[in-house]
Each structure stands twice: as C-alpha cells, then as structure tokens.
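Below, read A as the first sequence line, B as the second, and so on, with proteins coming before strands; counting in each chain starts at 1.
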Number of protein chains: 2
Amino acid sequence: MSPRREHRLVFLLTVAQRRLQRWMAARSPHTGVTAAQSGLLFVLGQRDGVLMGEAGAALDLGPPGISGLVDRMTAANLIERRADPDDGRAWRLWLTPAGRAAMAQSKAGLADVNARLTEGFTDAEIDVVARWLTTMQSRFPKGEDE
Amino acid sequence: MSPRREHRLVFLLTVAQRRLQRWMAARSPHTGVTAAQSGLLFVLGQRDGVLMGEAGAALDLGPPGISGLVDRMTAANLIERRADPDDGRAWRLWLTPAGRAAMAQSKAGLADVNARLTEGFTDAEIDVVARWLTTMQSRFPKGEDE
DNA sequence: CTTAGATAGTTCGCATGCGAAATAAATTGA
DNA sequence: TCAATTTATTTCGCATGCGAACTATCTAAG
C-alpha cells in the first residue's frame with residue numbers, strides 16, 4: 001500500500017492510453033483512421049443516422065469534441081452530416097460507402113487489439129480491469145463535484 | 001469472452017484517461033498545473049536538473065512531447081531550462097521556487113486522486129490493474145513491431 | 001584534421017478534446 | 001403571440017503529444 005504504487009497508477013493509465021492510441025493510428029496508415037475515428041465509425045455501424053449529440057454521448061465526448069471529429073471525418077469522406085428533418089438545429093451522421101468500408105477494416109483491427117489487450121490475463125482478471133476502468137467514470141465525473 | 005466486452009476495454013481505457021486528465025486539470029484552476037505538468041514536476045522533485053531527454057524517458061514522452069511541455073511550463077515560470085555545461089546540445093531542467101511550490105500542491109492533489117483510484121478495490125485487484133496497465137507498454141510498443 | 005554519422009532539441013503540421021462563449025432553432029410561459 | 005429559456009451545434013483558444021524533418025553539437029574514423 002505504498003503511495004508510490006498508486007502514483008504510478010495515474011502514470012500507467014496515461015501511458016497505456018497513449019500507447020494504444022499511437023498503436024491504432026500506426027496500424028492504419030493507409031486509411032488514416034485513428035482510434036477516435038474508429039469509435040465513431042463503430043457507433044454509426046450500429047446506429048447510422050444518430051444525432052451528433054447522441055454520438056458524443058456514446059463516445060463520452062462533449063460538443064466540441066464531436067464537432068471536430070465529425071469535421072475531420074467528413075473531410076476524409078468517411079461520414080456525412082445531413083440536416084435533421086424535424087429539428088433545424090440538429091444534424092444526423094451517416095456513413096459514406098468509404099466509411100462503411102473503413103468501419104469493416106476498423107473492426108478487423110480491433111480484433112487484433114482485443115487479443116493484445118487480454119492476452120495473458122484470465123477472464124476474472126479482465127473483469128477486474130474492466131470494473132476498475134468503469135468505476136473511474138463515476139469517480140471522476142464530468143460535471144461538478146465535491 | 002464476448003468480443004463486445006473487449007471492444008469496450010479500448011473505449012473504457014480512453015474514457016478513463018480522459019476523465020482523469022480533465023479531473024486533475026479542473027482541480028488546480030488556480031495554479032493551472034495539469035496532469036502532464038505535474039508529472040514533470042514530480043520527476044524534477046526527485047531529480048532536479050535532469051536532461052530533457054531523461055525527463056522525456058521518465059514520462060514516456062518523445063522529443064516533441066517534452067519540448068512542448070517544457071515550453072509551456074517555462075512560460076508559466078514553473079521550471080527553467082539551463083544549458084548543460086558539458087554538452088552544447090543539451091539542456092537541463094530545474095524547478096523554480098514557484099515550481100517547487102506547485103510540486104508540493106501537486107503531491108497533495110495526487111493523494112486525493114490516489115484515494116479515488118483505489119477506493120473499493122483490494123490490494124490484489126489493484127495489483128492486477130497495475131500489471132495489466134504495465135503490460136500494455138510491451139504489448140503496444142513505441143517503435144516498430146510486427 | 002576533416003568528414004561522416006550519431007545524438008539532443010526544436011519546429012511544423014496534425015489529431016484529439018476541453019472550457020467558455022457564440023449562434024441558431026425549438027420550446028415554454030405569460 | 002412574443003419574450004425568456006433551453007437545446008444543438010459551432011467556434012475560439014488552449015494543452016497534449018505524435019511523426020517527420022530540421023538544426024546544432026558531439027564523436028568516431030580515416
């Protein structure tokens with residue numbers, strides 16, 4: 001229970017995420033699809049035509065976060081913004097054919113990442129990790145807090 | 001062992017890190033010290049006068065990463081760059097008095113974060129998490145790899 | 001001694017994503 | 001109906017950090 005070890009947890013978490021992100025970006029130099037982008041592709045793969053805000057919520061991104069992500073992916077011709085017919089403020093996001101193809105590739109890439117993420121750990125251990133990561137969302141909430 | 005769960009690990013890791021970073025930044029609005037900055041403060045607290053490259057290695061940052069971090073922290077008057085007397089290419093980093101104070105505050109902040117990071121988990125569970133995070137560094141290496 | 005390489009940092013352009021403020025459209029209330 | 005508020009998204013300035021290319025210095029080899 002040395003405090004040293006917990007300090008290290010903060011650091012380890014940061015580094016692990018950075019490594020993963022770099023890795024995923026490096027694995028798709030052709031398509032140029034990054035980790036964040038494949039997240040949105042994934043969301044659209046399951047719910048094509050979601051509102052930007054819904055996509056943001058699914059990815060835990062605030063308005064500026066999605067807005068920028070959508071900008072870049074639109075520029076890359078992976079997705080399309082189409083006005084919501086019922087709400088003049090809102091936009092719905094749709095996969096382009098290229099986006100649909102990129103999504104399929106992304107899924108394949110994720111399979112490899114998945115293997116690396118769990119290799120050498122038992123299901124029970126992975127459950128602990130998943131629980132720890134999940135719990136962090138309530139421990140470090142977005143809004144205000146004591 | 002549903003693939004769904006592992007997909008979620010990637011996402012959970014990303015979100016957890018983002019939440020933690022946001023949280024730490026929000027907790028020091030006064031000093032403006034961020035998570036990354038407190039990392040460097042910490043390194044200098046233990047080894048004042050390190051080379052930039054050494055600091056980068058300690059924080060798992062590449063040359064551009066430290067260079068920028070040092071720029072911002074120098075501008076914030078937290079650290080100083082001083083030429084290495086023996087090597088005209090190299091710079092050594094030193095805490096300013098303000099930096100030393102900020103480091104002390106950072107440590108206090110980390111105590112709170114530590115508590116939140118481990119609350120509700122046994123030592124054995126935290127060990128699993130730490131091992132998983134550590135292992136990721138070899139699973140997703142920086143350089144080239146198959 | 002001089003040149004070829006290695007090494008330490010910097011710079012550039014980029015992706016990511018935040019907080020705060022702005023814009024615009026929808027909704028609610030008097 | 002029409003102002004006040006809420007909601008969806010954008011924009012701005014910022015911090016973080018990468019890869020690639022550059023600069024400057026140091027080291028090694030002939």
Side-chain angles (χ1 to χ4, degrees), chain A residues 14-15 17-29 31-40 50-57 59-76 78 81-93 140-144, chain B residues 14-15 17-29 31-40 50-57 59-76 78 81-93 140-144:
Chain A
T14 302
V15 172
Q17 194 277 330
R18 215 150 59 202
R19 292 288 189 101
L20 180 59
Q21 185 172 337
R22 244 185 295 181
W23 176 269
M24 291 182 73
R27 275 191 103 268
S28 64
T31 60
V33 172
T34 65
Q37 295 181 11
S38 66
L40 182 48
V50 288
L51 294 174
M52 289 186 55
E54 292 170 348
L59 297 170
D60 196 56
L61 292 176
I66 314 271
S67 195
L69 186 58
V70 167
D71 281 350
R72 292 184 295 271
M73 292 177 71
T74 300
L78 295 169
R81 258 189 191 96
R82 291 189 216 152
D84 183 299
D86 299 328
D87 190 333
R89 300 164 298 180
W91 297 88
R92 293 190 174 273
L93 303 176
F140 302 96
K142 291 172 106 157
E144 302 316 315
Chain B
T14 302
V15 172
Q17 195 277 331
R18 212 149 63 201
R19 292 288 188 102
L20 180 59
Q21 187 173 336
R22 242 186 296 180
W23 175 269
M24 290 182 72
R27 273 191 102 268
S28 64
T31 59
V33 172
T34 65
Q37 295 182 12
S38 65
L40 183 48
V50 286
L51 294 173
M52 288 185 56
E54 292 171 347
L59 297 170
D60 196 55
L61 292 177
I66 311 271
S67 196
L69 187 58
V70 167
D71 280 351
R72 292 185 295 271
M73 292 177 71
T74 299
L78 294 169
R81 256 190 192 95
R82 290 188 216 153
D84 182 298
D86 300 327
D87 190 333
R89 300 164 297 179
W91 297 88
R92 294 190 175 272
L93 303 176
F140 302 97
K142 289 172 108 155
E144 302 316 316

Nearest-angstrom distance from the residue atom CG of Asp71(B) to P of dC12(C)
11 Å
Regarding Gly68(B), tell me which of base, sugar-phosphate or nothing describes its non-hydrogen contacts under 4.0 Å with the strands shown.
nothing
Starting at atom CE of Met73(B), determine the distance to atom P of dG17(D), rounded to an integer number of angstrom.
12 Å
Report the C-alpha separation of Asp87(A) and Arg92(A) in whole Å, then their side-chain angles, then the decisive distance to 0.1 Å, and conclude whether the salt bridge (charged side-chain N to carboxylate O under 4.0 Å, His left out) test is met.
CA-CA 10 Å; Asp87(A) 190 333; Arg92(A) 293 190 174 273; over 6 Å; no
Name the nucleic acid region contacted by Arg22(B), choosing base, sugar-phosphate or nothing; use a 4.0 angstrom heavy-atom cut-off, strictly under.
sugar-phosphate
Atom pair distance, as rounded to whole Å: CZ in Phe140(A) and C1' in dC18(C)
17 Å
Quick one: label Arg81(B) by what it contacts on the DNA or RNA (base, sugar-phosphate, nothing), any heavy atom closer than 4.0 Å.
sugar-phosphate
With a 4.0 Å cutoff (strictly under), does any side-chain N or O of Arg72(A) reach OP1 or OP2 of dT16(C)?
yes
For Asp87(A), answer base if it contacts any base atom (sugar-phosphate contacts may also be present), sugar-phosphate if it contacts only those atoms, and nothing otherwise; contact means non-hydrogen atoms under 4.0 Å.
sugar-phosphate
What's the NZ-P distance between Lys142(A) and dC18(C), to the nearest Å?
6 Å
If you look at every strand shown and take non-hydrogen atoms under 4.0 Å, does Arg19(A) touch a base, only sugar-phosphate, or nothing?
nothing
Side-chain atoms of Thr14(A) come closest, of dC18(D), dG17(D), dG19(C), to dG17(D)
Phosphate-side-chain proximity, Arg18(B) and dT16(C), N/O vs OP1/OP2 below 4.0 Å
no
Position toward the 5' end of DNA chain C (nearest nucleotide), Gly88(A) or Pro63(B)
Pro63(B)
To the side chain of Ala36(B), which of dT10(D), dA8(D), dG17(D) is closest?
dG17(D)
Is there a side-chain contact between Thr34(A) and Gln21(A) in this structure, where contact means two heavy atoms from C-beta onward sitting under 4.5 Å apart?
no
Whichever of Ala26(A) and Thr34(B) has the more 5' nearest nucleotide on DNA chain D, that residue is Thr34(B)
Measure from CG on Asp86(A) to P on dA8(D) and round the result to the nearest Å.
14 Å
Residue pair Leu69(A) / Gln37(A), side-chain heavy-atom distance below 4.5 Å
yes
Separation of Met52(A) atom CE from dA24(C) atom P, in whole Å?
16 Å
Nucleotide dC18(D), atom P - distance to CD of Gln17(A) in whole Å:
11 Å
Comparing Trp91(B) with Gly62(A), nearest DNA chain C nucleotide closer to 5' gives the residue Trp91(B)
Mind checking whether Val15(A) and Arg18(A) have side chains closer than 4.5 Å, heavy atoms only?
yes
What is the distance from CG of Leu61(B) to C1' of dG19(D), rounded to the nearest Å?
14 Å
Can you check whether any acceptor in the base of dT7(D) is under 3.5 Å from a donor in the side chain of Arg89(A), or vice versa?
yes
Mind checking Ile66(B) for me? I need base, sugar-phosphate or nothing, with any heavy atom below 4.0 Å counting as a touch.
nothing
Could you tell me whether the side chain of Asp60(B) reaches within less than 4.5 Å of the side chain of Lys142(B), counting heavy atoms only?
yes
Considering every strand and a 4.0 Å limit on heavy-atom distances, what is the contact class for Leu69(A): base, sugar-phosphate, or nothing?
sugar-phosphate
On a heavy-atom basis, the closest approach of Leu40(A) and Ala55(A) is CD1-CB, 3.8 Å
Heavy atoms from C-beta onward define the side chain here; which of dG17(D), dG19(C), dT11(C) lies closest to that of Ser67(B)?
dT11(C)
